[in-house]
Amino acid sequence: MDYVDKQILSHLQSQARISMTELGKCVGLSQPAVTERVRRLEEKGIINEYRTVVSPEKIGKLASAYILFRTRECLAFLDFCRSTPDVVECYRISGEHNYLLKVISDSTQSLEEFGNQCDKYGTYTILIVMSSPIDHKFLIPSLEETNVNLLG
């Protein structure tokens, strides 16, 4: 992966719907050349998928929490998590807990009810999100960030 590939990834991270013509202009390649590079990045698995990020608040999901979970009923617990729409992420972790969940719900009451449903699977700690000062960072830094880091 060369510098141009990193430029392509940087642009696609921030604007996945950019046209190949516009992307080519941004990185100094023709539309066919940039299309071919994107295709190769997809084939290599460097680009896994394209997504739309939905604002939870705009669709009535006003409460977010991370839940540290300890269970001996892993398969049953995972089945429960897969079938529950409010569980948006689930990680197997090391340490005192088995799992870390991200849950997005319409209210803290709903989060409490989710906890009540979890009681039969094990023990947990609910960490309610108050704000997200760093909501998301890109894996490939933008060209501006790279230049600032090189100069500063």
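Computed over heavy atoms, backbone and side chain alike; hydrogens, waters and symmetry mates excluded. Treat the numbers as computed from the prediction; the structure is a model and nothing was measured.
- Remark: Gln15 CD to Glu22 CD distance equals 7.5 Å, nearest 0.5 Å.
- When all heavy atoms are compared, the tightest approach of Cys81 to Val87 is O-CB, 3.7 Å.
- Using a 4.5 Å cut-off on side-chain heavy atoms (C-beta onward), Lys102 and Ile104 make contact.
- No option in Val27, Ile140, Val34 other than Val27 meets the side chain to side chain contact (heavy atoms under 4.5 Å, CB included) test with His11.
- Aromatic ring centres of Phe114 and Phe80: separated by under 6.0 Å.
- Distance check, rounded to the nearest 0.5 Å: CD1 of Ile46 to CG of Asp5 gives 7.0 Å.
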Do Thr108 and Glu112 pass the side chain to side chain donor-acceptor pair (under 3.5 Å) test, and can you show the C-alpha distance, the side-chain angles, and the key distance before you say yes or no? CA-CA 6 Å; Thr108 53; Glu112 181 180 11; over 6 Å; no
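- In this structure, Ser105 and Ser110 approach most closely via the heavy-atom pair OG-CB, 2.7 Å.
- Under the 6.0 Å distance and 45° angle rule, Arg92 counts as a cation-pi partner of Tyr99.
- No more than 12 heavy atoms of other residues, nucleotides or ligands lie within 6.0 Å of CD in Gln109, so this atom counts as exposed by the packing criterion.
- In the hydrophobic cluster analysis, where Ile, Leu, Val, Met, Phe, Trp and Tyr join through side-chain heavy atoms closer than 4.5 angstrom, Val4 is grouped together with Ile18.
- How far CG of Leu12 is from CG of Leu41: 8.0 Å, rounded to the nearest 0.5 Å.
- Using a distance-only test at 3.5 Å, with no hydrogens or angles considered, a donor-acceptor pair links the side chain of Tyr124 to the main chain of Gly115.
- When only modelled atom types and interatomic distance are considered, Asn98 and Thr71 share no side-chain donor-acceptor pair under 3.5 Å.
- If you take CD1 on Ile8 and CG on Leu23, they are separated by 5.5 Å, rounding to the nearest 0.5 Å.
- Side-chain atoms of Arg72 do not come within 3.5 Å of backbone N or O of Gly122 as any donor-acceptor pair.
- The hydrophobic cluster containing Val103 does not contain Leu127, counting ILVMFWY residues as joined when their side-chain heavy atoms lie under 4.5 angstrom apart, directly or transitively.
- Considering only heavy atoms from C-beta on, Arg37 comes within 4.5 Å of Asp2 through its side chain.
- Leu29 and Ala33 get closest at one heavy-atom pair: CB-CB, 4.2 Å.
- One finds the CG atom of Asp106 at 11.5 Å from the CD atom of Glu113 (value rounded to the nearest 0.5 Å).
- Atom CG of Leu62 and atom OG of Ser107 lie 8.0 Å apart (nearest 0.5 Å).
- Salt bridge status for Glu43 with Arg39: present, with a side-chain N to carboxylate O gap under 4.0 Å.
- Contact check for Leu111 versus Ser64: no side-chain heavy atoms found under the 4.5 Å cut-off.
- The shortest distance between side-chain heavy atoms of Ile67 and Leu100 does not fall below 4.5 Å.
- Ile126 places none of its side-chain heavy atoms less than 4.5 Å from the side chain of Tyr66.
- Closest heavy-atom contact between Cys118 and Phe77: SG-CE1, 4.4 Å.
- Counting only distance, with no hydrogens or angles, the side chain of Glu42 and the backbone of Asn48 share no donor-acceptor pair below 3.5 Å.
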